[in-house]
Number of protein chains: 2
Amino acid sequence: MTTRIQRRNRRKILDAALDVFSAQGFRGATLDQIAAVAGLSKPNLLYYFDSKEAMHRALLDDLLDVWLEPLRAMNPEGNGKAEILAYMRRKLQMSREFPRESRLFANEVLQGAPRLADEIGGDLKKLVDESAALIRRWIAAGQLAPVDPYHLIFSIWALTQHYADFDAQIRMIRDGADPLEGADAFLEMLFERLLKP
Amino acid sequence: MTTRIQRRNRRKILDAALDVFSAQGFRGATLDQIAAVAGLSKPNLLYYFDSKEAMHRALLDDLLDVWLEPLRAMNPEGNGKAEILAYMRRKLQMSREFPRESRLFANEVLQGAPRLADEIGGDLKKLVDESAALIRRWIAAGQLAPVDPYHLIFSIWALTQHYADFDAQIRMIRDGADPLEGADAFLEMLFERLLKP
DNA sequence: AGAGACCTTGACTGGTTGGTCAGGTCTGCT
DNA sequence: AGCAGACCTGACCAACCAGTCAAGGTCTCT
């Protein structure tokens, strides 16, 4: 049974941990930093989570479901081009809403995905394989230009997540303006042209 | 004056440091790891470089020139679409040849680019601004579809570097196959369609 | 060969960090 | 109020890690 205090503190801790892990990576983050952000003492953190590793795991476990939801939401009955454009829009929206999650994921994969190997090789791969098959059917039905479905999916990931993951770089180049300004229109045009049968 | 031994050992150290920094990030890397990979003792590393930080700096300093060379190589006199396609090809080639450098850079930017702020805000921004102006001229001359030049450049970075930075993920999804297999053809088609006037 | 600069390292240090623990405080229930 | 269990913390520990140093080995040039 979980108490009100437990719920509040676990949430505070995970939120702080997401802040710190996504900005510094697993190894770069310290419990003291997380504790300071969460406004709790370090031993108190370890009262709620067994270890630093456990906090990280908890974040990653939550993450993957949220992360894959847009891909799951593609409707096999819908129009191919429209569905993929909608998927791209949802992914871009996630870079806007959850940039920390995007960076947490990027940090992890960049370092070889040691803690995500099972999930990526399992659920994620399965979902991507299914989506690729779906895209192939759409192509066969003439709803899409004939493109490699895997590279198509990777290109959506690359283009949308780039805005969250490389935010710092884009900001510096664009004089601090919102990195995502104009991104919607650009990606809309890019995928519109790429996918037109 | 630098001796033969100095050249050899500095090279060994930087190569090892690139291995370790690109795989673990700055904070995640340890001098012991780098020493082991380089086949030298830890104090010996510090005989050649003042500090861990100094090794990292040396790598980043080398990196930026190499990294921006393809952008510099765009020829203002050339045909717009052809020049941008050539730029994309060169960038993709760099992901193939220098994946560690790509990941080193990604690690750095992902964490807010603390050690690259000057270079990105300075040289890089200047070069990108000039390139954007050049792209606008090509668009005005009708050699390119009217796209936002900044987002165009970001999209090239995102798509090409993704193959190096997310190598682990792509490998797991594609059953260990070379992540870059088929990437050339896909990106060729993508940018061909995007840029056609 | 011999001098002197250059190169290498085992042993050490001070600071940081993840994690422990004994004992204290608070909360919710009767 | 009083109690049981949940919650919290200062003080501490062991491991790790960047960096130092004194002493000894090696290279190069004459």
Side-chain angles (χ1 to χ4, degrees), chain A residues 1-62 104 107-108 111-112 114-116, chain B residues 1-61 104 107-108 110-112 114-116:
Chain A
M1 184 233 164
T2 67
T3 70
R4 184 174 41 86
I5 294 178
Q6 267 171 38
R7 267 191 303 281
R8 173 172 48 90
N9 282 353
R10 272 188 218 272
R11 195 168 33 73
K12 277 208 283 190
I13 292 170
L14 287 180
D15 191 67
L18 180 55
D19 255 34
V20 178
F21 282 136
S22 69
Q24 321 267 358
F26 179 77
R27 198 80 172 9
T30 71
L31 290 181
D32 289 289
Q33 283 176 298
I34 297 173
V37 174
L40 299 170
S41 70
K42 184 168 62 165
N44 206 2
L45 260 56
L46 292 161
Y47 174 77
Y48 288 102
F49 291 89
D50 285 346
S51 63
K52 180 182 174 184
E53 175 94 27
M55 293 175 209
H56 198 250
R57 274 232 70 84
L59 285 172
L60 289 182
D61 286 348
D62 286 1
L104 180 72
N107 256 308
E108 199 54 21
Q111 315 204 348
R115 295 162 238 272
L116 275 177
Chain B
M1 183 241 167
T2 66
T3 69
R4 184 173 42 86
I5 293 177
Q6 268 171 37
R7 268 191 303 281
R8 173 172 48 89
N9 283 352
R10 272 189 219 272
R11 195 165 36 73
K12 278 207 283 189
I13 292 170
L14 287 180
D15 191 67
L18 180 55
D19 256 33
V20 178
F21 282 136
S22 69
Q24 322 266 0
F26 181 76
R27 197 81 171 7
T30 72
L31 290 181
D32 290 289
Q33 283 176 299
I34 298 174
V37 174
L40 299 171
S41 70
K42 184 169 61 166
N44 206 1
L45 260 56
L46 291 161
Y47 173 78
Y48 289 101
F49 291 89
D50 286 346
S51 63
K52 180 182 173 183
E53 176 94 28
M55 292 175 211
H56 198 250
R57 273 233 72 82
L59 285 173
L60 288 182
D61 287 347
L104 180 72
N107 256 308
E108 200 54 20
L110 201 48
Q111 316 204 346
R115 296 162 236 272
L116 274 177

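Order of the sequence lines fixes the chain letters, A, B, ..., with proteins taken first and strands second; residue numbering starts at 1 for each chain.
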> To the nearest 0.5 Å, what is the distance between CG (A:D15) and CD1 (A:I34)?
11.5 Å
> Kindly state which residues belonging to residues 28-43 of chain B come within less than 4.0 angstrom of DNA chain C, counting heavy atoms of the residue only, listed by number.
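Residues of residues 28-43 of chain B that come under 4.0 Å of DNA chain C are, in numerical order, B:S41, B:P43.
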> Counting C-beta onward and ignoring hydrogens, is there a side-chain heavy-atom pair between A:Q111 and B:N107 closer than 4.5 Å?
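Yes, at least one pair of side-chain atoms sits under 4.5 Å.
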> Kindly indicate, with the supporting measurements, whether the criterion side chain to side chain contact (heavy atoms under 4.5 Å, CB included) is fulfilled by B:R27 and A:Q24.
CA-CA 8 Å; B:R27 197 81 171 7; A:Q24 321 267 358; over 6 Å; no
> What are the two closest heavy atoms between A:R57 and A:R115, and how far apart are they?
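Scanning both residues, the minimum pair turns out to be NH1-O, 3.6 Å.
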> Ignoring hydrogens and angles, tell me if any N or O in the side chain of A:Q33 forms a donor-acceptor pair with the backbone of A:T30 under 3.5 Å.
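Side chain of A:Q33 to backbone of A:T30, a donor-acceptor pair under 3.5 Å: yes, one is there.
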> When the ring planes of B:H56 and B:F21 are compared, do they come out parallel, tilted or perpendicular, using 30° and 60° as the limits?
perpendicular
> Which two nucleotides bound the region of DNA chain C that has atoms under 4.0 Å from heavy atoms of chain A, read 5' to 3'?
C:dT17 to C:dG28
> Which heavy atom of A:M55 sits nearest to which heavy atom of A:L14, and what is that distance?
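Shortest heavy-atom separation between A:M55 and A:L14 comes out as O-CD2, 4.0 Å.
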> Base, sugar-phosphate alone, or nothing: which one does A:F49 contact when heavy atoms must sit under 4.0 Å apart?
nothing
> Return the residues of residues 50-61 of chain B meeting this criterion: a heavy atom under 4.0 Å from some atom of DNA chain C. Order them by number, or give none.
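Going residue by residue through residues 50-61 of chain B, none turns out to have a heavy atom under 4.0 Å of DNA chain C.
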> Within the structure provided, determine whether B:R7 and B:T3 are in side-chain contact (heavy-atom separation under 4.5 Å).
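A side-chain contact is absent here, since even the closest heavy-atom pair is not under 4.5 Å.
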> Report the residue (A:I5 or B:L46) whose heavy-atom-nearest nucleotide on DNA chain D is the more 5′ of the two.
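That would be A:I5.
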> Got A:K12 and A:R8 here, is their nearest side-chain heavy-atom distance under 4.5 Å?
yes
> Report yes if some heavy atom in the side chain of A:E108 is under 4.5 Å from a heavy atom in the side chain of A:P114; otherwise report no.
yes
> What are the bounds, 5' to 3', of the part of DNA chain D that sits under 4.0 Å from heavy atoms of chain A?
D:dA6 to D:dC17
> Looking for any heavy atom pair under 4.0 Å, which part of the strands does B:R8 touch: base, sugar-phosphate only, or nothing?
nothing
> Rounded to the nearest 0.5 Å, what's the gap from CG on B:D19 to CG on B:L104? Could you check?
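One gets 11.0 Å once the value is rounded to the nearest 0.5 Å.
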> Could you pull out all residues at least two apart from A:R11 that satisfy salt bridge (charged side-chain N to carboxylate O under 4.0 Å, His left out)?
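Testing A:R11 for salt bridge (charged side-chain N to carboxylate O under 4.0 Å, His left out), a comparison that skips the adjacent residues, returns none.
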> If you look only at distance, which donor and acceptor atoms sit under 3.5 Å apart when one is on a side chain in residues 36-50 of chain B and the other is two or more places apart or in another chain?
residue	atom	partner	partner atom	Å
B:S41	OG	B:N44	N	3.3
B:Y48	OH	B:N9	ND2	3.1

